[in-house]
Protein chains: 2
Amino acid sequence: MAIKEAVRPGGRSARVQEAVHQAVRELQAVKTRDELTVPQIAERAGVTPSTIYRRWGNLSELVADVSVERMRSDDDPADTGTLAGDLLAWGQQYLEEMVSVPGQRALNDVMASADSERRERCCRYSESLMEALHDRAISRGETPPPVRRLIDGVVAPMTYRLLYDRDSATAHNLQRWIDCTLKEGESGVASH
Amino acid sequence: MAIKEAVRPGGRSARVQEAVHQAVRELQAVKTRDELTVPQIAERAGVTPSTIYRRWGNLSELVADVSVERMRSDDDPADTGTLAGDLLAWGQQYLEEMVSVPGQRALNDVMASADSERRERCCRYSESLMEALHDRAISRGETPPPVRRLIDGVVAPMTYRLLYDRDSATAHNLQRWIDCTLKEGESGVASH
DNA sequence: TGAATAAAGCAAACTCTTTGCGTTTGTCAT
DNA sequence: ATGACAAACGCAAAGAGTTTGCTTTATTCA
């Protein structure tokens, strides 16, 4: 039951998709996750339930599809002048978004999706962002740790805490992760 | 729809729970996640569907309940003589388990659970294990980094990769995370 | 042992999901 | 432009899962 990538992106298909997504977003604002139903969404979007079932498979995949969009931050990360600053700025905003009630729900929805490809896509967002910050740091003349280290040192702990131990997903800890990750390679960057 | 903690743990209740869990495990061995149904499980367990619905709420919570048990490794972590060795031994086994098909499914099931308390419980397993290894290291005379660092440095990246980028959840990377985490504090352990 | 009550069984009502078939509507080639 | 083709949707009925009120069973506690 994979989600069909718009084979036919023209008019109606796109309109339906947008209407359904919109309906989900509106209903999510008013209802708990397990009060949501496909028929409800269908009615609000002005389509029949079978359309939704055929296209998305089931409710979980649909809400995951909507949520993963929400997670893609549209605007470029702020340029604070240093990698440390950029990481902090981005991380703080990300944390704030994800500890919020809608943020947590979005996380849940994505994690609940059977489609692992979607989960991966969602994490690619963070990764490509790290790449961007990394490149920016280099063009400034900094000597940042490799992207992999940024992910393991900053993104991973943050994500881990968000998923498993929300209370410790704080800006204070974020600062610590950043410090730790950047400090680490200072004396000798080389790693085979 | 929280799972009721056995208010009345005596005979029948426990028997039903065990029968249902067992039925889930058996059926999981033969069927895909989305071929599983509550009525099916109920029949196999010799109970009525309503029993399951009243006790677990829905299929997701039930399978999550079963999976979280599977994730608790029952036996003590091997003592290899050093913290680095212990971490590696544990991590390798954990990785192996979690990249497997049933392991990935268990992970998915737990993540899909609406009950965040259960997710937290599942991560407590790793944390208490880190504590155990940490204490063991101390009693050996080693000077290990704080538990928090073990989690952020080893468990978090491992979990992150397992969830989002399975292919990079390898023993080789595990080694790197361990090295990195243990090396880091060598020169000066103090952090306010 | 007996009263109180949690938990399970049963069955009917209800809601969601699936599916076949006909219709609409983009898409592509002529 | 125009017509053939195929994708996506609507409709409605059949099928399956879920919820709920009431009854029965069996554990707990006095």
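A note on names: the letters A, B, ... follow the listed sequences, proteins ahead of strands, and every chain is numbered from 1.
- No donor-acceptor distance shorter than 3.5 angstrom exists from the side chain of A:Arg33 to the backbone of B:Ala114, with no hydrogens or angles considered.
- Remark: P of C:dG9 and CZ of B:Arg15 are 11 Å apart, rounded to the nearest angstrom.
- Non-hydrogen atoms lying under 4.0 Å from DNA chain C are contributed by B:Gly46, all within residues 36-46 of chain B.
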Tabulated below should be each protein N or O lying under 3.5 Å from an N or O of nucleotides 21-23 of chain D; please produce it.
unit_1 : atom_1 : unit_2  : atom_2 : d
D:dG21 : O6     : B:Arg54 : NH2    : 2.5

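- Checking side-chain atoms of B:Asp152 against main-chain N and O of A:Pro157 turns up no donor-acceptor pair under 3.5 Å.
- Rounded to an integer number of Å, the gap from A:Glu35 CD to C:dC16 P is 12 Å.
- Salt-bridge annotation for A:Arg140 and A:Asp86: present, with a side-chain N of the basic residue lying under 4.0 Å from a carboxylate O of the acidic one.
- Atom CG in B:Asn58 sits roughly 21 Å away from atom P in D:dA16 (whole-Å rounding).
- Rounded to a whole Å, the CD atom of B:Gln17 is 18 Å from the P atom of C:dA6.
- For the pair A:Arg161 and A:Thr170, the minimum side-chain heavy-atom distance is 4.5 Å or more.
- Separating the CG atom of B:Leu59 from the P atom of D:dT19 is a distance of 12 Å, rounded to the nearest angstrom.
- Shown here for A:His134 and A:Pro146, the closest heavy-atom pair between the two residues is NE2-CA, 4.1 Å.
- Between A:Arg124 and A:Glu127, at least one side-chain N (NZ, or NE/NH1/NH2) sits under 4.0 Å from a carboxylate O, which counts as a salt bridge.
- Spacing between atom CG of A:Asp34 and atom P of C:dC16 amounts to 13 Å, rounded to whole angstrom units.
- If B:Thr48 and A:Pro49 are placed on DNA chain C by their nearest nucleotide, the residue sitting closer to the 5' end is B:Thr48.
- Using a 4.0 Å cut-off between a side-chain N of Lys or Arg and a carboxylate O of Asp or Glu, B:Asp65 and B:Arg55 do not qualify as a salt bridge.
- Between the CD1 atom of B:Ile52 and the P atom of D:dT20 there is a distance of 17 Å, given to the nearest Å.
- For the side-chain contact (heavy atoms from CB on, under 4.5 Å) with A:Ile41, the qualifying choice from A:Val47, A:Leu62, A:Val66 is A:Leu62, the only one to do so.
- Under a 3.5 Å cut-off, the side chain of B:Thr32 and the backbone N or O of B:Asp34 do not form any donor-acceptor pair.
- For C:dA7, neither phosphate oxygen OP1 nor OP2 lies less than 4.0 angstrom from any side-chain nitrogen or oxygen of B:Arg55.
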Identify the pairs formed between an N or O of the protein and an N or O of nucleotides 22-24 of chain C at a distance under 3.5 Å, and give each distance.
unit_1 : atom_1 : unit_2  : atom_2 : d
C:dT24 : O2     : A:Arg12 : NH2    : 3.1

Problem set entry | Candidate pair A:Arg118 and A:Glu61, rule salt bridge (Lys or Arg N to Asp or Glu O under 4.0 Å), full reasoning | CA-CA 10 Å; A:Arg118 182 185 295 112; A:Glu61 298 303 311; 3.0 Å; yes

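- Under the side-chain contact (heavy atoms from CB on, under 4.5 Å) rule, A:Leu150 has a single partner from A:Val155, A:Leu133, A:Leu87, which is A:Leu87.
- The side chain of B:Thr51 contributes an N or O atom lying less than 4.0 Å from OP1 or OP2 of C:dG9.
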